[in-house]
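Here is the structure we will look at.
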2 protein chains.
Amino acid sequence: MVTKQLKDSGQARDEADVTRADSLAREIFSDIANKWALLIIEAVGDRTLRFTELRDVVEGISHKMLTQNLRLLERNGLIDRTVHPTVPPRVEYTLTEPGRALRATVDGMCDWTHRYLADIETARQRFDSP
Amino acid sequence: MVTKQLKDSGQARDEADVTRADSLAREIFSDIANKWALLIIEAVGDRTLRFTELRDVVEGISHKMLTQNLRLLERNGLIDRTVHPTVPPRVEYTLTEPGRALRATVDGMCDWTHRYLADIETARQRFDSP
DNA sequence: CAGAATCCGCTTGGATACTG
DNA sequence: CAGTATCCAAGCGGATTCTG
């Protein structure tokens, strides 16, 4: 769980050891649960892409955001970054095993989006109509 | 798919009709793929929670962010908001069917986080050590 | 209690220019 | 080509105050 339970809410019982893992989990979740990171993971998929290819595939992402999020994903071990010492340089990105595992759930989110596209659109119209 | 395919990248073939649905999908994805929205969905789960309860369960969320994201989720039809005309007012939040469906995949993300917690921590240490 | 609204710091993220 | 650095605008998000 990433969220707190309601029961024993008033009780402050020895949280010392749990807290570390929990705050780490929250930190990771915050890193991951962001638009660009998830889109990049989806974009890579089971392919091997270069920087510019990624830039083209993930529509609308800026140069800066791409590098920034790639570093983030690399740091968390979701993405592999291999540099070919050629000139001009050639850098390729691949999902690691954890990355692929996460990708599976992201796929679920994408499926969900398309599955409920119509429902969401009507919900919006209802909400927006004064 | 939310991301673009690489094949036929040079080709600009009649995208008029696809584009609408795609941009909508992207818009929805952006709404959903954000830290607070996902945490709120996880927090509600299959329960019925009041505003302040939610505020307590989703640790670290501010009053403003909570209302803001609740509106967003409500607008997209992921959450039901029922107002009991009492005094003081009592407002309860529940997941709708689309909301519950999405929750399933968010659960997957949470599981993933805990499953790979250790791997991520070591990946970070390796990355951070100069 | 739920939430709308205002103020405001400061992070986010885009555009641009510069290295190897 | 890939990446870093800088500048700067826009919006995110927190704290606070005010209603019904």
Side-chain angles (χ1 to χ4, degrees), chain A residues 6 9-10 26-27 29-40 43-44 47-76 78-95 127-128 130, chain B residues 6 9-10 26-27 29-40 43-44 47-76 78-95 127-128 130:
Chain A
L6 258 192
S9 51
R26 276 293 289 264
E27 197 184 323
F29 193 85
S30 300
D31 275 5
I32 295 316
N34 107 35
K35 180 187 167 185
W36 291 129
L38 294 183
L39 283 178
I40 290 174
V44 177
R47 298 182 286 187
T48 296
L49 295 182
R50 303 180 59 175
F51 185 84
T52 12
E53 289 173 336
L54 261 171
R55 200 189 193 303
D56 293 339
V57 176
V58 183
E59 297 174 84
I61 197 169
S62 69
H63 190 112
K64 188 181 179 181
M65 280 302 96
L66 183 54
T67 49
Q68 207 167 96
N69 280 279
L70 281 175
R71 290 297 157 278
L72 197 67
L73 293 172
E74 191 193 353
R75 182 172 117 93
N76 287 316
L78 301 192
I79 248 180
D80 253 344
R81 176 172 177 271
T82 57
V83 184
H84 297 83
T86 61
V87 43
R90 177 185 192 86
V91 181
E92 294 181 328
Y93 295 93
T94 315
L95 291 186
F127 186 92
D128 292 340
Chain B
L6 259 192
S9 50
R26 276 292 288 266
E27 198 185 322
F29 193 86
S30 300
D31 276 6
I32 296 316
N34 107 33
K35 180 186 167 186
W36 291 130
L38 293 182
L39 283 177
I40 290 173
V44 177
R47 300 182 285 187
T48 297
L49 295 183
R50 304 180 59 174
F51 185 85
T52 12
E53 289 174 335
L54 261 171
R55 199 189 194 303
D56 292 338
V57 176
V58 184
E59 297 173 84
I61 197 169
S62 70
H63 191 112
K64 187 183 181 179
M65 281 301 97
L66 184 54
T67 49
Q68 209 167 94
N69 280 281
L70 281 175
R71 289 299 158 276
L72 197 67
L73 293 172
E74 190 193 353
R75 182 172 118 92
N76 287 316
L78 300 191
I79 248 180
D80 253 344
R81 175 171 176 272
T82 58
V83 183
H84 297 84
T86 60
V87 43
R90 178 185 191 85
V91 182
E92 294 180 326
Y93 295 93
T94 315
L95 291 186
F127 186 92
D128 292 341

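This structure is a prediction, so every number in the text was calculated from the model and none was measured. In what follows, every chain begins at residue 1, and chains take the letters A, B, ... in the order their sequences are listed.
Rounded to an integer number of Å, the gap from Glu74(B) CD to dG3(C) P is 9 Å. For Leu72(B) and dA4(C), the CG to P distance is 14 Å, given to the nearest whole Å. The distance between atom CD of Gln68(B) and atom P of dG14(D), rounded to the nearest whole Å, is 10 Å. In this structure, Leu66(B) atom CG and dG3(C) atom C1' are separated by 10 Å, rounded to whole Å. Remark: C1' of dC7(C) and NZ of Lys64(B) are 9 Å apart, rounded to the nearest angstrom. The CZ-C1' distance, from Phe51(B) to dT19(D), rounds to 15 Å in whole Å. In this entry the distance linking CG of Leu54(B) with P of dC1(C) reads 14 Å, nearest Å. Note: CD (Glu59(B)) to C1' (dG14(D)) measures 18 Å, nearest angstrom.
Of the possible donor and acceptor atoms, one in the side chain of Asn34(A) sits under 3.5 Å from a partner among the backbone N and O of Trp36(A). Counting only distance, with no hydrogens or angles, the side chain of Glu53(A) and the backbone of Arg50(A) share a donor-acceptor pair below 3.5 Å.
The base of dG3(C) lies close enough to the side chain of His63(B) for a donor and an acceptor atom to sit less than 3.5 Å apart.
Each of Ile61(A) and Thr67(B) was matched to the nucleotide of DNA chain C holding its nearest heavy atom; the match closer to the 5' end belongs to Thr67(B).
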### Message
Go through it in stages, so that I can follow the logic: the residues are Val44(B) and Val57(B), the test is side-chain contact (heavy atoms from CB on, under 4.5 Å), and I'd like the CA-CA distance, side-chain angles, deciding distance and then a yes or no.
### Response
CA-CA 9 Å; Val44(B) 177; Val57(B) 176; over 6 Å; no

#### Entry: Stepwise side-chain contact (heavy atoms from CB on, under 4.5 Å) check, Val91(A) with His84(A)
CA-CA 6 Å; Val91(A) 181; His84(A) 297 83; over 6 Å; no

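Here CD of Glu92(A) is found 13.0 Å from CZ of Arg47(A). Values are rounded to the nearest 0.5 Å.
At the phosphate of dG3(D), OP1 or OP2 sits under 4.0 Å from a side-chain N or O atom of Arg71(A).
By the 4.5 Å heavy-atom criterion applied to side chains, His63(A) and Phe51(A) are counted as neighbours. In this structure, the side chains of Tyr93(B) and Asp80(B) stay at 4.5 Å or more apart for every pair of heavy atoms. Counting heavy atoms from C-beta on, the side chains of Ile40(B) and Ile61(B) come closer than 4.5 Å.
With the end axes of the helix from dC1(C)-dG20(D) to dG20(C)-dC1(D) each set by five pairs, the angle from one to the other reads 40° at 10° resolution.
Applying a 4.0 Å cut-off to non-hydrogen atoms, the residues of residues 81-94 of chain B that approach DNA chain D are Pro89(B), listed by residue number.
Between Arg55(A) and Ser62(A), the shortest heavy-atom contact is NH2-C, 4.4 Å.
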